[in-house]
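Data first, discussion second: the structure below is written as structure tokens.
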Amino acid sequence: MKKYLTYSQEVEQGMAEGKAIVALESTIISHGMPYPQNIEMARKVEQIIRDNGAVPATIAIMDGKIKIGLSNEELETLATSSNARKTSRRDLPYVVASKEIGATTVATTMICADLAGIQMFVTGGIGGVHRGAETTMDISADLEELASTNVAVVCAGAKSILDIGLTLEYLETKGVPVVGFQTEAFPAFYTATSPFKSNFRMDEEKDVAEMLSVKWELGLQGGAIIANPIPAEYSLDEEYMNGVIQSALQEAEANGIKGKDVTPFLLGKVKELTEGKSLESNIELVYNNAKVGAKIAVELNKLS
Ligand code: PSU
Ligand code: MN
């Protein structure tokens, strides 16, 4: 296993010094945002993690290796490459063996973080149960990973391109705790609230760390979701976004978009239809998640 992992200098040093490490995904860079906003976001999010006392480890696959932490050059390659493959659990062995460039989804970032001994992961949004999944069976592998891999994910909730209610049902069945960070609500990515509630409200990073520590000490396999709402000043109007998402879903349907292309297609359409406003919100919510995730990682590190 170890022969497939390589570490950036920063991560290696951070681990040697016993620092808190925070994993970051790379599909958000390659497929979630356009260049150059993607690289600006990736760099700034790493800096926010550092500023809050932890060490960032952006994860991707290159040259047949799972990279835990990327150099500036590697980050640039990933952000500009048109052939980076969106790599979820099923794709991982192929991408490593074929030495393609692989951008890790939430599921794969969790797998790789776990292999590297990293317990905290920060991103924007997770995949979930898609609308119409009763017939399409389109359910993100992210949910199965949350059910089985011991990595906690800080996100801004689930987007309403998904069926949020069914996503929460699925997580309940799989025993994944959903924490609302300083909120009762389950946030819907672009908006701070949704018609749904989180399972538990927690207001302090150290309380979240305590819960995670108890979960894993009890041998309860799997991750947890820390749902951190988008800051009010970047929150978009719920009704407006529902309309935009409806149009994006119709276009996906009309174009016969399927499988792994669904989520990137919808994100791109939403950005187009909101004339970039959704992109700004998306970036800001990731920064907000990085701050909270780094602080939880530092608290969790104290407990171990
Ligand atoms: N949601 C976003 N931005 C993203 C993704 C989701 O707001 O970039 C990416 C993440 O990498 C997530 C993946 O793991 O999409 C889910 O894809 P799918 O639904 O195909 O499992
Ligand atoms: Mn899917």
Side-chain angles (χ1 to χ4, degrees), residues 23-35 37-39 41-42 45 58-61 78-79 84-92 95 102-113 121-147 149 151 153-164 166-167 170-171 187-191 223 225 227-228 230 234 236 241 244-245 248-249 252-253 257-271 274 277-289:
L24 298 160
E25 64 155 309
S26 44
T27 294
I28 190 175
I29 303 173
S30 64
H31 291 70
M33 291 179 192
Y35 183 84
Q37 286 93 340
N38 61 354
I39 183 103
M41 181 280 301
V45 84
T58 304
I59 294 178
I61 300 141
L78 190 90
R85 185 184 287 266
K86 177 179 165 187
T87 307
S88 200
R89 172 178 268 271
R90 62 144 200 222
D91 310 291
L92 183 56
V95 174
T104 54
T105 61
V106 169
T108 303
T109 307
M110 289 177 72
I111 296 169
C112 299
F121 166 23
V122 164
T123 189
I126 52 163
V129 180
H130 280 260
R131 298 195 199 181
E134 326 66 284
T135 49
T136 62
M137 293 185 71
D138 190 351
I139 299 174
S140 175
D142 293 352
L143 298 184
E144 278 304 309
E145 214 56 57
L146 281 157
T149 300
V151 174
V153 182
V154 181
C155 66
K159 256 178 270 47
S160 46
I161 62 171
L162 302 170
D163 189 318
I164 299 179
L166 290 188
T167 300
Y170 198 100
L171 291 166
F189 198 81
Y190 300 116
T191 56
I225 291 178
N228 185 34
I230 185 170
Y234 299 105
L236 299 175
M241 283 314 290
V244 164
I245 285 164
L249 286 166
E253 170 86 33
I257 308 295
K258 296 227 156 39
K260 68 193 290 208
D261 299 328
V262 172
T263 299
F265 179 90
L266 291 174
L267 289 174
K269 272 290 158 219
V270 167
K271 177 189 160 252
T274 60
K277 271 200 297 258
S278 67
L279 179 60
E280 191 198 2
S281 292
N282 194 345
I283 291 171
E284 292 297 333
L285 66 83
V286 176
Y287 295 160
N288 190 43
N289 293 345

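This one's a predicted model, so the numbers in the text were calculated from it and none came from an experiment. Every number for a ligand or one of its atoms is a count from 1 in the order of the listing.
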The Mn ion (ligand 2) is nearest to which N, O or S atom of D138?
-> OD1
Main-chain N/O of G125 paired to K159 side chain as donor or acceptor, under 3.5 Å = no
Does the T191 side chain pair with the main chain of L236, one donor and one acceptor, at a distance under 3.5 Å?
-> no
Rounded to the nearest 0.5 Å, what separates atom [atom1] in [X] from atom [atom2] in [Y]?
X: M241; Y: T274; atom1: CE; atom2: OG1; value: 6.0 Å
X: S30; Y: R85; atom1: OG; atom2: CZ; value: 12.0 Å
X: M33; Y: N282; atom1: CE; atom2: CG; value: 4.0 Å

Judging by distance only, is a nitrogen or oxygen of [X] under 3.5 angstrom from one on ligand 1?
X: T263; answer: yes
X: D142; answer: yes
X: V106; answer: yes

Min side-chain heavy-atom separation T263-H130 under 4.5 Å = yes
Taking the side chain as every heavy atom from C-beta outward, state whether T105 and E145 have any pair of such atoms under 4.5 Å apart.
-> no
Which protein non-hydrogen atom lies closest to [atom], naming both residue and atom, and how far is it?
atom: atom 21 (O) of ligand 1; answer: S140 OG, 2.7 Å
atom: atom 9 (C) of ligand 1; answer: T27 CG2, 4.1 Å
atom: atom 11 (O) of ligand 1; answer: E25 OE1, 2.6 Å
atom: atom 8 (O) of ligand 1; answer: I28 CA, 3.4 Å

What atoms in ligand 1 come closer than 4.0 Å to a heavy atom of G125?
-> 1 (N), 6 (C)
Using a strict cut-off of 4.0 Å, indicate which atoms of ligand 1 neighbour a heavy atom of G32.
-> 8 (O)
Where does L267 meet ligand 1, judged by heavy-atom distances below 4.0 Å: at the side chain, the backbone, both, or neither?
-> side chain
Side-chain donor-acceptor pair present, T104, T87, cut-off under 3.5 Å | no
Tell me which one of K86, K159, K260, H130 gets a heavy atom nearest to atom 20 (O) of ligand 1.
-> K86
